[in-house]
Number of protein chains: 2
Amino acid sequence: METNNQDLLIALADDQQLFLRSLATLIDGFDGKKVIMEALNGKDLLSQLEITLLLPHIILIDVNMPIMNGEETALLLSKKYPDIKLVALSMKDDDRTIIKMIKAGCCSYLLKDIHPNELDKALTEINNNGYYNSDTINKNLRRLLCHDEAELKLSANEQLFLHHACSDMTYKEIASKMCLSEKTIDGYREAIFVKLNVKSRVGMALEAVRLQLISL
Amino acid sequence: METNNQDLLIALADDQQLFLRSLATLIDGFDGKKVIMEALNGKDLLSQLEITLLLPHIILIDVNMPIMNGEETALLLSKKYPDIKLVALSMKDDDRTIIKMIKAGCCSYLLKDIHPNELDKALTEINNNGYYNSDTINKNLRRLLCHDEAELKLSANEQLFLHHACSDMTYKEIASKMCLSEKTIDGYREAIFVKLNVKSRVGMALEAVRLQLISL
DNA sequence: TTATAATCAGGTGTTTTTACGTGACTGTAT
DNA sequence: ATACAGTCACGTAAAAACACCTGATTATAA
C-alpha cells in the first residue's frame, strides 16, 4: 500500500462489508485522502491499530456494529489514541444516539445518506479545525446538550428486567429467572413506566425498542 | 459518460446516498461493469428509466427505501422491463423479506455485508445464467418456497386492531375506538396470537414490529 | 452523625388480560 | 340447498398486570 506523506490517513469500521469496501474505494478517490485500514467491528479495529506502524488521522466508526459497537469503540479509542479524530457514522439521526457518540469522544456525527462531496469536505475540515458538524445535526446540538441531563438512566437490574419484559414471559417467570422477588420486579416495572412515560407493559416494550434500549 | 459496447450496464437504487455513490465507484472498478444510473428511491429510478436511451442490464434494488420501497419497485419493473435482471439488496436476511423480493421478480437476493468479490461474481453470473444466489440464501430457498403458502394473512380489521394493540390502550379502549364489542376484539386477539405464535400482548406487539406488520 | 438516595421486599385491591366454549349472521362456492 | 369460511358477539373463570402503600437495608454524601 503506497501512501504519500501529505495524505490524510483514514481508518474505517463498519460491519457491512460491501459498504465498508465501497466507501474505502470512494474515499481513496478523494484528493489527498487515503484509507489505510478497514475493520468489520470495533474489536477488529482495535487489534489492527495495535499492530500497525502507521496510525490514521481520522477514524470513521459505524454506530451499529456487532461484537463491539460504535459507542464502546469510540470510548476506548478516545482514551488510547487521543490524537486520532473520531467520526461517528450512522443511518439514524435520533438525538440520543448523537449525544451518546459525541460524549464517547467523537468530534463529528455524519449520516450515511450524505453526499460524497460533503464527506470529502467534512474530512478536510476535521483535519484542519478538529471538528465538523452537518447543518441538520448542528441545529439540534445546543438543544441536545441542554437536555443532556434529562437522559435516561436505568440500573443494571432494570435493564436486565426490561430485556426479559420484552418477551412472552410473565413477571413471575422473570422474577424467578432473575432470582428476585415478584415485588422487586414490580418495583422495576413501576420505575421504568415513569422513566419511559408509559402506562402498560406493551407501551414499555415498544418504547424500549424505539429508544433502542433493546434490539429485536 | 463513456460506455463500452461490451460493458455490463448496472443501475442502482438505494436511499443512503453515501452507500449509493460508494457502491457505484466500487462497481465501476469491476472489470467490464459500468454503473449508468443511480437513484435514491423507486420513484426516482422509474423516472430515470423512462427518459434514458440506454437501459441497464441489471438493477440492484435496496429493499428498504422511502417513497417507493424495494418490493413495489421490483413489481413494477419486472412488468415494465421484463428483460432487465432485478437483484434485491438488503441488510436483513429474514425469510419473509427474501420471499417477498423473489416473488416481486428478483432473480437474486444479496446481503449488504457480502464481499465485493462476491458481488462482482454475482453480477457476472446473473448476466450469464440469469440468476445467482449466495450459499446462505440458497440453502434456505427450498424450505422458504415450500412454506410460502404458510404466509401470514390478517383481515383488514385484524390489522387495524394490531395497530391499536401496539400502544398503551386497553382492549376496551380499542373496542370503543373501532366501534366493536370487546368480545370481538378478543376474537381478533386470539386469532393473531395463533397466527404469530405468541402467548401475550407484549409478544404480539414485538412480533408485529419484527415482521414489520407495524412500524415504530 | 444525620441525611439522602438507591435497592429490595411485602400487603392489598382493582383492572386488564387471557383461555375456552358457544352461537348467530354473512357471503360464496359446490 | 348445503357446506364452509369469515365475522361478530356473549359468558365464565382464572391468571396476569397495575396502582399505591409500607418498611428494611445498604451505601454515600453533607
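The structure displayed is predicted, hence computed values, not measured ones. All values below come from the heavy atoms of this structure, side chains included, with hydrogens, waters and symmetry mates left out.
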OP1 or OP2 of [N] versus the side-chain N and O atoms of [X]: is any pair under 4.0 Å?
X        : N      : result
B:Asn157 : D:dT7  : no
A:Tyr171 : D:dC18 : yes
A:Arg201 : C:dT17 : no

*Please tell me which of A:Glu190 and A:Met169 maps to the more 5' nucleotide of DNA chain D, matching each residue to the nucleotide holding its nearest heavy atom.*
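Going by which nucleotide is closer to the 5' end, it is A:Met169.
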
*Decide if atom CG of A:Asn197 counts as having more than 12 heavy atoms of other residues, nucleotides or ligands within a radius under 6.0 Å.*
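Counting other residues, nucleotides and ligands, CG of A:Asn197 stays at 12 neighbours or fewer.
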
Flag side-chain contact, heavy atom, 4.5 Å: [X] against [Y]:
X        : Y        : value
B:Leu77  : B:Ile84  : no
A:Leu123 : A:Leu60  : yes
A:Val202 : B:Val202 : yes
A:Thr124 : A:Asp120 : yes
B:Leu8   : B:Ile58  : yes

Whole-Å distance between [N] [atom2] and [X] [atom1]?
X        : N      : atom1 : atom2 : answer
A:Asp168 : D:dA16 : CG    : C1'   : 13 Å
A:Lys172 : C:dT18 : NZ    : P     : 16 Å
A:Met204 : D:dA19 : CE    : P     : 11 Å
B:Gln159 : D:dG6  : CD    : C1'   : 15 Å
A:Arg189 : D:dA16 : CZ    : C1'   : 11 Å
A:Ile174 : D:dC18 : CD1   : P     : 11 Å
A:Ile192 : C:dT7  : CD1   : P     : 11 Å
A:Lys199 : D:dC18 : NZ    : P     : 12 Å

*To the nearest 0.5 angstrom, please state how far the CG atom of B:Leu18 sits from the CE atom of A:Met91.*
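B:Leu18 CG to A:Met91 CE: 12.5 Å, rounded to 0.5 Å.
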
_We want to know whether A:Asp186 and A:Tyr171 form a side-chain donor-acceptor pair, criterion being a heavy-atom distance below 3.5 angstrom._
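No, A:Tyr171 and A:Asp186 have no side-chain donor paired with an acceptor closer than 3.5 Å.
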
*Checking side chain to side chain contact (heavy atoms under 4.5 Å, CB included) for the pair A:Tyr81/A:Ile59: CA distance, chi angles, key distance, verdict?*
CA-CA 11 Å; A:Tyr81 307 95; A:Ile59 305 181; over 6 Å; no

Any protein N or O atoms within reach of nucleotides 9-11 of chain C? Criterion: under 3.5 Å, listing atom names and distances.
| unit_1 | atom_1 | unit_2 | atom_2 | d |
| --- | --- | --- | --- | --- |
| C:dA9 | OP2 | A:Ser181 | N | 3.2 |
| C:dA9 | OP2 | A:Thr184 | OG1 | 2.7 |
| C:dA9 | O5' | A:Thr184 | OG1 | 3.4 |
| C:dG10 | OP2 | A:Ser181 | OG | 2.9 |
| C:dG11 | N7 | A:Lys183 | NZ | 3.4 |

*asked:* With each end axis built from five pairs of C1' atoms, what bend angle do you get for the helix from C:dT1-D:dA30 to C:dT30-D:dA1? Round to 10°.
replied: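 Taking five pairs per end, the axes differ by 30°.
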
